[in-house]
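So the structure is just underneath, and the comments pick up after that.
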Amino acid sequence: QDKDLKVGAIYMDAQGFYAGVRKGIQTGASDAGRKLDVVETNAQGDASKESSFIDTLISSGVQAIIVSPVSADGSSRAIRRAHDAGIPVVCYNTCLNDADMKEYISAYAVGDPYDFGHKLGDAAADYFIAEKNEAPKIAVLNCEFVEVCITRRKGFEEALKAKVAGAKIVANQEGATLDKAVSVAATMLTSNPDIDAFFGEAGGATLGAARAVKSQGKTGKIVVFGGDMTTEIAQELADFTVIKAVVDISGQGLGKLALAQAIKSIDGQPPEGIKVAYDIDLYKSSEDGKAWLKAHADGIP
Amino acid sequence: MSLDQTAKSASTQRSRSRFTFSRHMNELSLFVAIAVLYVVFTSTANGFLSFNNQINILRDAATIGIAAWAATLIIIAGEIDVSVGPMVAFISVVLAFFLQWGIPTPLAFALAIIVGALLGSIPGALRAYFDVPSFVGTLGLWSALRGTALFVTDALPVSIGRNDTLDALDRSFLNIPPAAIVMLVFFVVFTFVSRKTAFGRSVFAIGGNAHAALLSGINVSKIRVALFAIAGAMAAISGILLVSRLGSGNATAATGLEFDVIAAVVVGGTSLSGGRGSMLGTLLGVLVITLIGNGLVLLGINPFFQQVVRGLIIVIAVLANIQAIKRSMSRNKG
Amino acid sequence: MSLDQTAKSASTQRSRSRFTFSRHMNELSLFVAIAVLYVVFTSTANGFLSFNNQINILRDAATIGIAAWAATLIIIAGEIDVSVGPMVAFISVVLAFFLQWGIPTPLAFALAIIVGALLGSIPGALRAYFDVPSFVGTLGLWSALRGTALFVTDALPVSIGRNDTLDALDRSFLNIPPAAIVMLVFFVVFTFVSRKTAFGRSVFAIGGNAHAALLSGINVSKIRVALFAIAGAMAAISGILLVSRLGSGNATAATGLEFDVIAAVVVGGTSLSGGRGSMLGTLLGVLVITLIGNGLVLLGINPFFQQVVRGLIIVIAVLANIQAIKRSMSRNKG
Amino acid sequence: MTQTLGRPDLASPQIASIEGCTRQYPGVLALDNATFAVAAGEVRALLGKNGAGKSTLIRLLTGAERPDSGTVRIDGEELQHSGSSRAQDAFEKGVRVVYQELSLVPGMTLAENLFLGRWPRKGGVIQYANMEAEASQAMGRLGLDRAPNTLVASLSPAERQLLEIARVLLGKPKLVILDEPTSSLAAAEAERVMAAVTRIASEGIAVVYVSHRMNEIRQIAHSATIMRDGRIIDTVDVKGADTREIVRLMLGAEASKAAALDNRSQKNTVLEVRDLALAPKLSSVSFQLKAGEVLGIAGLLGSGRTELLQAIMGVRSQDRGEVLVDGAAVKSGRYKQMIAKGFGYTPESRKEEGIVPLLGVDENTLSTNFAGVSHYRILSARMMQDATRKVVQRLHIKTAQTDTPIGTLSGGNQQKVVIGRWVYANSRVLLLDEPTRGVDVEAKAQIYAIIRQLAAEGRSMIFVSSEIEELPLVCDRVLVLRDGTLQEEFKSPNIDQDALMAACIAGH
Ligand SMILES: Nc1ncnc2c1ncn2[C@@H]1O[C@H](COP(=O)(O)OP(=O)(O)OP(=O)(O)O)[C@@H](O)[C@H]1O
Ligand SMILES: Nc1ncnc2c1ncn2[C@@H]1O[C@H](COP(=O)(O)OP(=O)(O)OP(=O)(O)O)[C@@H](O)[C@H]1O
Ligand SMILES: [Mg+2]
Ligand SMILES: [Mg+2]
């Protein structure tokens, strides 16, 4: 079957991760031997824009919508309208609350954000145990204007405290874009000179923390744990002086998975339990970093 | 310079029995722009002309339009309001809380509008009585409202549960979304006010020559405060419609709306230096902005690239408009 | 109205031998504001007064300051530039690409600055020769540049690999970050230009009465284009420093920088209606904005709530400034 | 033209009074313990040099400003409040004013401007039909024949002035104040204004009339209050007073007589205009200007003199015709080029086009040639001061410092700076559009002297003025612009005011 496919794709905001998703959707289509027409938009983290985009996609006659909803509750009405119009909606990365999800969503390609944080927290705990640090002080650079980031932190905190009871989060500031993260991290180092580690909730935060640690001359004293692989984060990890562990949900992988689910839903075979788990990858050694760089020569995560 | 003079007479004042071409050049050139956009998108974008999509365009236009009517008056008065987006988001959050607290829906609506008007009147009063430029006052409000909304909600949506009134507001009425009706009703009201009432004409007078307005006994300060209060109330109405559409109050919603609103007003031919402008122009400006947004999505253009196209089209629209007015003026001279 | 008149004589024109209190009231009141901020943060925020943190403040100030000098001139000339943030991000991307292509670093720097100047001169030329308001032109550029940068990079950082020159730009020199030195050098240059050159004085004349400036033979169009080209070049320099700090070109960087820049200029006492303002005022405005940002982060205040505080402080700073000027005017009367 | 004046009877009630008022501006005592009163039906002239404090006194009467000390009474009641409600208070008590600065809203129609802020309305809705009918009537009385829904932006300055005067005559005013209402009007229009003034006075309305034109005052005023340096010097009966005595009171010294014209031989032609046309006002204008010549251009309001000057300078492009400088044709769109060739142009509206109010006298003067006061492209404070001082001294500009913001100078002194900038630029041909508008007698005499002096140095000038009586004082030759062409020529010493006037209005 090589019928043309027309799907709508909505990216949540302007982050490199979604470039991966885009590539994943494209390669997913060619893997499935279909000619793909993607109508794509970027919601810029705004539920009202997302809502209007979904309406536009409905009118444009797409066969399915692949979306990373901005908000578990705030996005449900728009998605309901798509559902009511008979268009299967596939979530990836983020989704609606459970009740709405069961009703309106055909499939949810997910690397669970709680697990995401949890895996990293676990890795961080192992690091502190190895360092014999029983009461590590941690500063967070967050992206908590989107809900997933809050969940990521919860996962991180709980996993860490489960193993290292004395761990403490001493500061939590926003720093989602790289430039802001560098500046905020540098300032946090001033107010909390005795912190042991940064936790970067997303790519910009992770790399920003690493840059700040280096430029403030704290290499070797302060380490960084963070989310989201990019070329530069992988290089830092390969270097292994500052970044000690990175968790990542491959954008490409998730995109591919989401498209596969969308095709299935169009064909009337949505997955049973809606949720389709996608592996969250943990990279915690220099070799892991090098391997990632090799596998992603084009830099798209 | 020369434009200032030429455009002055070209600006649309009130409709007059003698329809002069040059006076309405602005609107005419916008009509042409819209016609061109329609032709282009119809022939290239699948489903653009479908009834459903036209309704979508109307609904999207409402988001910008409702705020843009008040913004037009503010800009005509020589002021500016950059707080629209956060105001809409903030009110959506406030309304959601009101409803969570069990305040009856109509009362909650009224309270939300009052809150909007009161908040809006803060930069208004700062401008009118303390000479704080409205750009500064509304910039402060912009930051404070977005911050407060995010702070109290932790950036999470504030759910309102089932609410029949709000649901009705989201359901089309005779196939037309209520938001669009609200927009059009207010368009008529604002057009009337701006052309036919003392308040509306005072706004033009203040923008054209505030000193003269003051000397001729117009209560400049009161009108300035009122303008910003009205803008706040209109943003609140937009916020209410937002809640009905999203089913929750969202602190992160309506980001950058202020840019769209100002762009629509300016594309519509209202001068940022005050004193001239028209509601009809703004309506057409709102349509241009909305059509571009809608068409580009339908065409499936890379979302980042859409931003590029939007930027170019806004500039080209204003440029073409200005040139059209100029040319018609010089032709009309003899 | 009354402010317009009072502030006239208070505005800093050129430095004069007779230092009058009222003329420098604006700068004095900003000095007081900065002193208050220092006292408050020193006593409440851990490590605020540490050498390292003061250096951080300087480095952060550079991001806003370098762009703010040019923006001051633009606003004095009665124009506005809202394209700063995207311009900085775009140039950082362009520079990163230049370096990836193997262009020698100094040449890449020069090219980046030229690209910035050329891009900046687009809204300048639209303003000067086609009467497109600078708000519209730069808003278009804002959208187009951010879009292009995101489009070509997919919002991913563009790595530059190892680069000694750029590394050196990020390493402190005599304990002072090069960015801060660049900022201060340009501050001196711009202060000098604005006070002591025909170009600078013509900018004031154009902002004060463009028509009169034109008739007295000042090349108004050329100066307008030059102003925006300069702003583009300064943003490019900011972009270069950004690359040195981040080690990569970032399309998403410097979001909202234009707001900070305009806020700094306005807090510094430059009038948005043109014709008056001072570089020293802007320098103090930049410090106020940067200090607030730094202190609030140090205090560990909820980031959303920081936005609220920032908004309030900007408004209060401008309000206090205006009141101080007014009071000093009326006191000076007798 | 105007009927004989009967002085209102002395028992008529005082409409407005100012008692012991003082008003201080930064650095200037604009009003010093002034006491002033005007009675119903009286036309009171207010005389004084530029900066004497006339406008300030008026602003107190209208409530636009409050005195630092002293009281202002209208109709026996003291003005209350401050800010805009004070002006409102005065308005309600029947004070109407035409300010020296135009106070119209260009983007609104004539009718709307006429009723600005007091539009007739029913239930909040403006009654346009009524308003426009009334407006037509009110404007018709002053001979302003324009559709009431025209935009003010399309009016000429003179028409705007008439509109402002029409505005104050609406309703039931008790005190009408006119601050130099005729300064932008040619003689014929000024007559219309004066007729209106006489009429309203006869209706028992008090009028305060500021003018620098003595002959107008003789025609319409009953009495004259003379001000000097912020003080009220004297109030005299116009009939009984001698003009020279009034001028002496104003100046505090005897007025110098205008310098007599000396006829020098004029040599080569510096400027030639051939068949210049600019629709709709100019159909075909040709003339020559010689070095060292002062060429007057007379004409009625709206005859196109301003357009002629602008077309010559290239500020506005002509439809047809040629402009030759030193025998060589120049292209259109050539303003810069004309300046480079040694031309200078002073616009008729000083405030809108002439000055940058926030900048100092120095920069307003030197902006024509910053290079002349620069050292290696850097402005030298010392050179700026010296150059400005030279111009200030030469043109007798009254300013505290060379860097005083020009906006705080009196109108006459501002005008001298506008001329002075071309003196500084060493221009050899000056195009002066209404250079004496709003300028006091003394400053006027000084400007005439300056013009003659510049001509003696071999510079040429085109002098446009609506005050017919000053043309013979300065011009070597006067051309009359009528119906789009230059109709008649008068040569010194045979320039006769009455003949000029007749030539201007011929056929009207
Ligand atoms: N707003 C102001 N700020 C500072 N000084 C002022 C202001 N208004 C007037 N002055 C000064 O007060 C003095 C009196 O000015 P005023 O305008 O009353 O003079 P005038 O008699 O009306 O002169 P003219 O004939 O030129 O109109 C002048 O020296 C003037 O420079
Ligand atoms: N309709 C108009 N639109 C724009 N500007 C105008 C208009 N009418 C007149 N002006 C400008 O107003 C100024 C003076 O006009 P006005 O008619 O008073 O003078 P004029 O025609 O030059 O005659 P004169 O100078 O002899 O009184 C000129 O600069 C003229 O160009
Ligand atoms: Mg005066
Ligand atoms: Mg004229």
Side-chain angles (χ1 to χ4, degrees), chain A residues 11 13-23 42 139-145 170-194 203-204 207-208 210-212 214-218 230-236 251 296 298-301, chain C residues 45-57 59-60 63 85 88-89 92 146-147 149-151 153-161 167 170-172 177 242-257 290 293-304 306-307:
Chain A
Y11 313 121
D13 52 23
Q15 287 197 33
F17 171 73
Y18 295 99
V21 173
R22 162 118 118 309
K23 194 177 170 205
N42 191 313
V140 181
L141 282 171
N142 74 42
C143 51
E144 295 184 7
F145 47 86
V170 292
N172 183 1
Q173 292 286 339
E174 192 205 313
T177 54
L178 184 53
D179 53 336
K180 181 139 191 236
V182 171
S183 149
V184 170
T187 309
M188 284 164 108
L189 283 174
T190 305
S191 56
N192 305 286
D194 54 344
L207 187 59
R211 288 253 184 277
K214 278 194 162 170
S215 78
Q216 301 278 313
K218 303 273 192 177
T230 61
T231 304
E232 295 196 293
I233 292 176
Q235 282 166 347
E236 282 293 342
H296 299 77
D298 60 358
I300 295 178
Chain C
N46 229 333
F48 175 78
L49 220 52
S50 72
F51 180 76
N52 253 337
N53 191 52
Q54 295 304 306
I55 292 301
N56 280 341
I57 291 175
R59 198 189 278 125
D60 285 349
T63 314
V88 170
S92 84
R146 183 72 78 189
L150 287 168
F151 180 57
T153 64
D154 270 328
L156 290 165
V158 181
S159 196
I160 53 162
D167 283 355
D170 192 38
R171 215 170 303 121
S172 289
L242 187 75
V243 172
S244 85
R245 193 166 188 195
L246 303 181
S248 55
N250 286 269
T252 54
T255 40
L257 179 61
T290 317
N294 179 276
L296 292 180
V297 171
L298 281 185
L299 285 175
I301 289 182
N302 178 304
F304 298 143
Q306 286 180 25
Q307 282 191 46

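Numbered from 1 within each chain, the chains take letters A, B, ... in sequence-line order.
- Interface remark: C/Asn250 contributes side-chain atoms only to the contact with chain A (heavy atom separation under 4.5 Å).
- There is no contact between C/Leu299 and chain A, counting heavy-atom distances below 4.5 Å.
- Counted by atom type alone, C/Ser50 and C/Asn52 present zero donor-acceptor pairs between their side chains at under 3.5 Å.
- Within the 3.5 Å criterion, the main-chain N or O of C/Val158 finds no donor-acceptor partner in the side chain of A/Glu232.
- Taking chain C as the reference chain and counting heavy-atom pairs below 4.5 Å, the highest number among A/Thr177, A/Val182, A/Leu178, A/Asn172 is found for A/Leu178.
- Neither the backbone nor the side chain of A/Thr231 comes within contact range of chain C, judged by heavy atoms closer than 4.5 Å.
- Residue with the most contacts toward chain A among C/Asn53, C/Asn46, C/Leu246: C/Leu246 (heavy-atom pairs, distance under 4.5 Å).
- Of the listed residues (C/Gly300, C/Ser92, C/Ser159), the one with the most heavy-atom contacts under 4.5 Å to chain A is C/Ser159.
- A donor atom on one side chain and an acceptor atom on the other are found under 3.5 Å apart for C/Asp60 and A/Ser183.
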Could you walk me through whether C/Gln306 and A/Gln173 pass the side-chain contact (heavy atoms from CB on, under 4.5 Å) check?
CA-CA 10 Å; C/Gln306 286 180 25; A/Gln173 292 286 339; 2.7 Å; yes

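- The shortest side-chain heavy-atom distance between A/Lys23 and A/Asp298 falls under the 4.5 Å cut-off.
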Between A/Lys180 and C/Thr255, is the side-chain contact (heavy atoms from CB on, under 4.5 Å) condition met? List the steps.
CA-CA 9 Å; A/Lys180 181 139 191 236; C/Thr255 40; over 6 Å; no

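- Your options are C/Leu242, C/Thr153, C/Ile301, C/Leu150, and the one with the most heavy-atom pairs under 4.5 Å with chain A is C/Ile301.
- Proximity to chain A is absent for every atom of C/Ala89, based on heavy atoms less than 4.5 angstrom apart.
- Nearest heavy-atom pair across C/Arg146 and C/Gly85 is NH2-C, 3.8 Å.
- Residue A/Glu144 touches chain C through its backbone alone, counting heavy-atom pairs closer than 4.5 Å.
- There is no contact between A/Leu189 and chain C, counting heavy-atom distances below 4.5 Å.
- Residues A/Leu207 and A/Glu236 come closest through the heavy atom pair CD1-CG, 4.2 Å.
- Between chain A and the options C/Ser248, C/Gly47, C/Pro157, C/Ala45, heavy-atom pairs under 4.5 Å are most frequent for C/Ser248.
- The side-chain heavy atoms of A/Asn42 and A/Tyr18, taken from C-beta on, include no pair separated by under 4.5 Å.
- In this structure, the portions of A/Ala186 lying under 4.5 Å from any heavy atom of chain C include both its backbone and its side chain.
- With a 4.5 angstrom heavy-atom cutoff, C/Leu298 touches chain A via backbone and side-chain atoms both.
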